[in-house]
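Worksheet: one structure, shown below.
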Protein chains: 2
Amino acid sequence: MPTVPKLQKQTFGARIADELRRSIFAGEIAPGSALIETALASQFGVSRGPLREAIRQLIDEGLLVQIPFTGTHVVELSEQAVREIYSLRTTLETFAFRLAWDRRDAEFANELKARQAALVEAIDLGDELECIRRELHLHSLVYETANHQILLEVWNGLKGKLQLYWASHHMAHGRHGPRRDSHDSFLDAALGDDLPAMEIEIETHMRLGSETTERFLKDRNQTA
Amino acid sequence: MPTVPKLQKQTFGARIADELRRSIFAGEIAPGSALIETALASQFGVSRGPLREAIRQLIDEGLLVQIPFTGTHVVELSEQAVREIYSLRTTLETFAFRLAWDRRDAEFANELKARQAALVEAIDLGDELECIRRELHLHSLVYETANHQILLEVWNGLKGKLQLYWASHHMAHGRHGPRRDSHDSFLDAALGDDLPAMEIEIETHMRLGSETTERFLKDRNQTA
DNA sequence: ATAAATTCGATTATCAACAATATAGCTTTT
DNA sequence: AAAAGCTATATTGTTGATAATCGAATTTAT
């Protein structure tokens, strides 16, 4: 059992899981809608076996929910869930920063600036879906630097849900509004020398995200 | 798509996942050993389809690791992983306590004492495997009280890995040594009124667990 | 008219056979 | 003798078909 994973042929299930995930993030499959196995199987040109594995994977990522013998659906947003995600994310990202703090080097700074620049580019281009991806990619650097495998796994789980929420947010509302300032201060703090200031920055950042998303949900439920 | 899950017929895959998990926790399948699908399928009297789903589930719980076209194995312990688990657990349990703190009531206190008593009973009986289960069950109450669904899910993931580590620890070394005192102070702090003291209690508790498990791993790797 | 029972269609869960892949052992070559 | 290539075999990945289950429309009884 090699600890270094060999580069090997990808399985159908894994490939389809990626495709499905992309579809969900892109809003092509709306939250709440059902996934029927036979249809998707033929659509992807594959049998139901691998497709079921892909579904199982997305279930465990928290993107789908399944009731035995009944059906599989894309998860639907709840205000409670959003609050939970952001509060947990505040905790985890603070933890991640503490771990990453002494591991920051020139490469970290460069990469952080690069991802920030990529985010700004997407904001200016107005590609909202790409914004979401790049914002999460920016924050991911902290988790990667923390050198904590399990933390990274948990973050990836949260990241998926966040991407889903923001994507459906975008589908219903369009632009989020200006976010450049918010990320500028985030970058400054992350490159600075004041850890407590960084922690405050995180909390502010999260509160902003949480409130924006909750407001969206409230509107959505009223009109529905 | 009902939010309240109906009580429905359990699927084969889920039932087998439970059985397999129990087998792993009981040390009947040692860390590092391979799981061959055909053998397990016939052993459980079921086809390979459901069995593969069970395996997939345990993979996502972090109990198994799979390499495509090659095989599935029970995860092996590493010192790094243990450190990670305990450091993350410290973070999460502190967070959980903060959330649960104002929700503690008479019922909480009673349940906590009950689970503590159950743990002590298992300690006195010398049933190490049951000790592990009941210790984790005791701590779980905090996460349940926190009223945070996603946190609970993450904790359940960690809990599984902890159970695996402690179980294999037990298989190699027998008793952990005395742990009653440690849990008495934990109970006192949890029922008290001093949250900072509780947070210190958590860190101490975790450091103890981490050091014990790391020491075990070091011994193990030297003899191996 | 309403509520219980029933049938029907759609969908999922499971199975057994088949194809693809990787590992170990052997053969050949240098 | 060591390294590269080949072959056999065990194991996983995939498929198409069959069985089991659920939900809703329909019927029936009160």
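Each chain gets a letter, A, B and so on, in the order its sequence line appears, and its residues count up from 1.
Remark on the helix from dA1(C)-dT30(D) to dT30(C)-dA1(D): inter-end axis angle 10°, axes from five-pair C1' superpositions, rounded to 10°.
Checked for salt-bridge contact, R21(A) and D18(A) meet the test: a charged N lies under 4.0 Å from a carboxylate O.
Residues Y143(B) and H148(B) keep their aromatic ring centres 6.0 Å or farther apart.
Using a 4.0 Å heavy-atom criterion, one finds that L35(B) contacts the sugar-phosphate atoms exclusively. Counting any heavy atom pair closer than 4.0 Å across all strands shown, G49(A) reaches a base atom. Residue T38(A) is in base contact, counting any heavy-atom pair closer than 4.0 Å across all strands shown.
In this structure, of dT21(D), dT12(D), dC15(C), it is dT21(D) that holds the atom nearest to the side chain of F69(A). Minimum atom distance to the side chain of P68(B) is reached by dG13(D), of the listed dG13(D), dA17(D), dT12(D). Of the candidates dT21(C), dC22(D), dT15(D), the closest approach to any side-chain atom of T70(A) belongs to dC22(D). Checking dT15(D), dT12(C), dG13(D) against every side-chain atom of S47(A), the shortest atom distance belongs to dT15(D).
Taking atom CZ on R52(A) and atom P on dT11(C), their separation rounds to 15 Å, with Å as the unit. In this structure, F12(A) atom CZ and dA19(C) atom P are separated by 14 Å, rounded to whole Å. In this structure, CZ of F44(A) is placed 13 Å from P of dT15(D), rounded to the nearest angstrom. In this structure, the CD1 atom of I59(A) is 11 Å from the P atom of dT12(C), given to the nearest Å. As a whole-Å value, the separation of L64(A) CG from dT12(C) P is 12 Å. Per the geometry, CD1 belonging to I36(B) stands 16 Å off C1' belonging to dG13(D), to the nearest Å. R48(A) has its CZ atom 7 Å from the C1' atom of dA13(C), to the nearest Å. If you measure from atom CZ of R56(A) to atom C1' of dA13(C), you get 12 Å, rounded to the nearest angstrom.
For the pair R104(B) (side chain) and W101(B) (backbone), a donor-acceptor distance under 3.5 Å is present. Side chain of R134(A) to backbone of A118(A): a donor-acceptor contact under 3.5 angstrom is found.
No hydrogens or angles considered: nothing links the side chains of H183(A) and Q116(A) as a donor-acceptor pair under 3.5 Å. With hydrogens and angles left out, the side-chain atoms of Q57(A) and E53(A) include no donor and acceptor closer than 3.5 Å. H139(A) and R89(A) form a side-chain donor-acceptor contact under 3.5 Å, judged by distance and modelled atom types alone.
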